[in-house]
Engineer: 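Pasting in a structure now, in structure tokens, and then I'll have a few things to ask.
Heavy-atom basis, side chains included; hydrogens, waters and symmetry copies ignored.
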Amino acid sequence: MITLIQANTPVPRDIPLDLPLPEWLLVVLLILSFLAHIIFVNLMLGGSILTLWAQIKGLKDRDYDTLAHEIAKTITVNKSLAVVLGVAPLLSINTLYTIYFYSANALTGLMWISIIPLVTIAFLLTYLHKYTWHKLENNKPLHISIIAAAVLVFLFIPLIFLVNINLMLFPEKWGTIKGFVSALMLPNVFPRYLHFICASMAVTGLFLFWYVGRKKYPFESYFNTLTRYDIKKKAYSLTFAVSLFQFMIGPIVLLTLPSKGVKWNLIVVILSGAAIALPAMYWMWKAITGPAENIDKHYGKVIIAMTVTVLFMGSGRHIYRANALAPHKKLMAAKTAEFEKISAEARLHPPVEDENPAEIDSSLGEAAKGAAVFQANCSACHKPHEKLVGPPMTEMVSIYRDNDKGLKNWIKSPGKKRAGYPQMPGFPQLSDEDLTELSNYILSIK
């Protein structure tokens with residue numbers, strides 16, 4: 001298994017620095033801080049979608065326009081909390097998964113960087129929508145288009161995050177990824193994204209139930225035809241419907257995840273979380289179909305059950321990540337240890353610099369330029385007669401003795417030939433002249 005992974009996966013060196021905290025504590029902080037952050041991301045996105053829906057419906061029913069206004073007031077607050085609470089999980093994942101996280105960042109490139117201007121635009125649109133509510137009272141199409149634009153941006157930002165976080169789990173795919181779009185096409189991205197959208201609507205439904213049900217909330221001064229029960233029932237119905245849909249999406253998410261991370265510890269945690277959600281589903285159904293006076297009866301128990309379910313699902317996310325990356329991290333640790341050993345030996349036995357390198361260059365004759373290209377690009381991994389990171393150059397000579405064109409093609413775009421050696425990077429930046437000089441030098445080695 002390890003040999004197969006190594007043959008198809010880039011294995012970089014790790015950064016040999018001590019963690020600032022015990023790893024188990026960083027994992028706990030990552031899970032808890034991420035869940036706190038994602039709850040408010042859910043509320044920000046779900047609140048924006050419900051505001052758009054209610055405002056469109058409010059074109060014919062004034063009370064729904066009022067409902068849209070009330071929900072819109074919460075979006076900017078939840079947005080601010082989402083941003084503040086996002087710092088801790090971002091720092092935690094940077095610390096625990098540095099190589100993987102930054103590799104995914106680099107592969108998604110421009111789209112990952114675009115999150116900053118996109119977030120800025122989305123926030124400005126929500127503030128514009130909030131503070132022009134009365135000024136654009138007579139121009140509802142324009143006002144609705146503002147929140148619609150914000151919803152589109154809010155939908156896209158989590159997709160970028162999801163693609164990036166997803167990509168870091170699959171180093172074996174890094175060599176085939178050509179940017180955001182190809183990373184987006186990985187088979188498990190869209191099921192996970194749909195799962196996230198459903199979670200956002202479920203959380204927002206529970207939040208709206210509480211928000212309009214507060215005793216100090218002056219409901220009757222805002223609404224004429226809608227009652228508290230009407231909105232609570234709609235909020236519960238939304239949460240129930242999307243939670244039921246989650247039970248169908250969940251297995252698809254699990255089946256589309258590469259099997260390398262799906263182990264019994266993950267299955268047990270996921271099924272436990274789903275089992276705890278079932279009583280909450282039952283209580284919501286009883287509230288929706290029962291007498292109006294019982295609508296609040298099980299709300300506290302629903303919140304507790306759903307919170308525990310979210311904790312299980314968040315833990316399952318980390319378990320899959322740990323399972324999926326464990327073999328690669330083992331390879332990376334071995335490569336890092338080998339590099340540290342070579343570095344230590346080099347420090348103990350530094351090479352003796354020749355006092356007259358010009359004489360060495362001139363002695364090479366026509367191969368002098370090729371030797372310089374070799375020194376600049378290849379010497380970190382190859383020696384003429386000894387194994388370093390890669391095989392000795394004499395092996396290349398034995399393979400390409402009468403095939404300088406094949407050698408040049410290999411240098412420019414190498415593949416994977418030898419088990420036990422890391423994947424060689426390509427050198428597309430070398431000119432044809434440099435490749436010719438380099439291949440001539442390598443083939444001159446005896």
Side-chain angles (χ1 to χ4, degrees), residues 22-43 46 85 88-89 92-93 96-97 158 162 165-166 169 187-207 209 236 238-288 297-327:
E23 185 174 357
W24 69 267
L25 181 55
L26 281 171
V27 169
V28 171
L29 289 174
L30 173 58
I31 294 172
L32 294 181
S33 62
F34 173 77
L35 292 178
H37 161 69
I38 204 67
I39 288 295
F40 287 98
V41 172
N42 292 153
L43 292 174
L85 292 172
S92 298
I93 203 166
L96 284 168
Y97 300 99
L162 191 150
I165 297 300
N166 183 69
L169 302 180
N188 56 314
V189 170
F190 285 106
R192 288 183 66 182
Y193 181 64
L194 185 57
H195 196 269
F196 162 76
I197 298 297
C198 290
S200 296
M201 301 311 298
V203 170
T204 306
L206 291 175
F207 171 77
F209 185 103
Y236 246 169
L238 171 64
T239 300
F240 179 82
V242 293
S243 297
L244 190 62
F245 189 59
Q246 291 280 59
F247 277 90
M248 293 182 280
I249 292 294
I252 297 175
V253 173
L254 200 59
L255 289 172
T256 55
L257 286 171
S259 59
K260 65 174 184 172
V262 181
K263 301 184 186 300
W264 280 111
N265 55 351
L266 175 68
I267 300 296
V268 169
V269 169
I270 295 298
L271 290 181
S272 298
I276 293 169
L278 289 175
M281 299 285 290
Y282 173 76
W283 292 324
M284 283 189 285
W285 175 249
K286 292 289 288 183
I288 293 166
K297 188 173 182 180
H298 300 293
Y299 181 73
K301 291 188 287 186
V302 169
I303 291 296
I304 292 171
M306 286 301 199
T307 300
V308 175
T309 295
V310 169
L311 284 171
F312 271 90
M313 296 304 175
S315 300
R317 181 192 300 266
H318 176 75
I319 289 170
Y320 181 84
R321 183 186 299 128
N323 290 346
L325 291 178

Engineer: Atom CE of M201 and atom SG of C198: how far apart are they, to the nearest 0.5 Å?
Structural biologist: 9.0 Å
Engineer: Should F245 and L194 be marked as a side-chain contact (heavy atoms from CB on, under 4.5 Å) after you check the CA-CA gap, both sets of side-chain angles, and the distance that decides it?
Structural biologist: CA-CA 10 Å; F245 189 59; L194 185 57; 3.9 Å; yes
Engineer: Just verifying a value: how many Å separate R317 CZ and L35 CG, rounded to the nearest 0.5 Å?
Structural biologist: 8.0 Å
Engineer: Working to the nearest 0.5 Å, report the span between OH of Y320 and CD1 of I267.
Structural biologist: 11.0 Å
Engineer: Between L85 and I38, is there a side-chain heavy-atom distance shorter than 4.5 Å?
Structural biologist: no
Engineer: Which heavy-atom pair separates L169 from A324 by the least distance, and what is that distance?
Structural biologist: O-CB, 4.2 Å
Engineer: Can you tell me how far apart CG (L26) and CD1 (I93) are? Round to the nearest 0.5 Å.
Structural biologist: 12.0 Å
Engineer: Look up atom CD1 in I276 and atom CG in L311, then write down how far apart they are to the nearest 0.5 Å.
Structural biologist: 9.0 Å
Engineer: Name the residue from I303, V310, I304 that meets the side chain to side chain contact (heavy atoms under 4.5 Å, CB included) definition with T307.
Structural biologist: I303
Engineer: Do you know which two heavy atoms are closest between F312 and V269, and how far apart they sit?
Structural biologist: O-CG1, 3.1 Å
Engineer: Could you report the tightest heavy-atom contact between F247 and M281, atom names first, then the distance?
Structural biologist: CE1-CG, 4.2 Å
Engineer: Taking C-beta and beyond as the side chain, do L30 and R321 meet within less than 4.5 Å on heavy atoms?
Structural biologist: yes
Engineer: Around atom NZ of K297, are there more than 12 heavy atoms of other residues, nucleotides or ligands at under 6.0 Å?
Structural biologist: no
Engineer: Report yes if the side chains of M284 and M306 come closer than 4.5 Å at any heavy-atom pair, otherwise no.
Structural biologist: yes
Engineer: Which heavy atom of G261 sits nearest a heavy atom of L266, and at what distance?
Structural biologist: O-CD2, 3.8 Å
Engineer: Heavy-atom count check: over 12 atoms from other residues, nucleotides or ligands less than 6.0 Å from Y282 OH?
Structural biologist: no
Engineer: So, for L206 and Y299, which heavy atoms are closest and what is the spacing to 0.1 Å?
Structural biologist: O-OH, 2.8 Å
Engineer: Closest heavy-atom contact between N188 and T256?
Structural biologist: CB-O, 3.4 Å
Engineer: Which class fits the ring pair Y236 and F209: parallel under 30°, tilted 30 to 60°, perpendicular over 60°?
Structural biologist: tilted
Engineer: Please answer whether the main-chain N or O of P158 pairs with a side-chain N or O of Y193 as donor and acceptor at a distance below 3.5 Å.
Structural biologist: no
Engineer: Rounded at 0.5 Å granularity, tell me how far OG in S259 sits from CG in L254.
Structural biologist: 11.0 Å
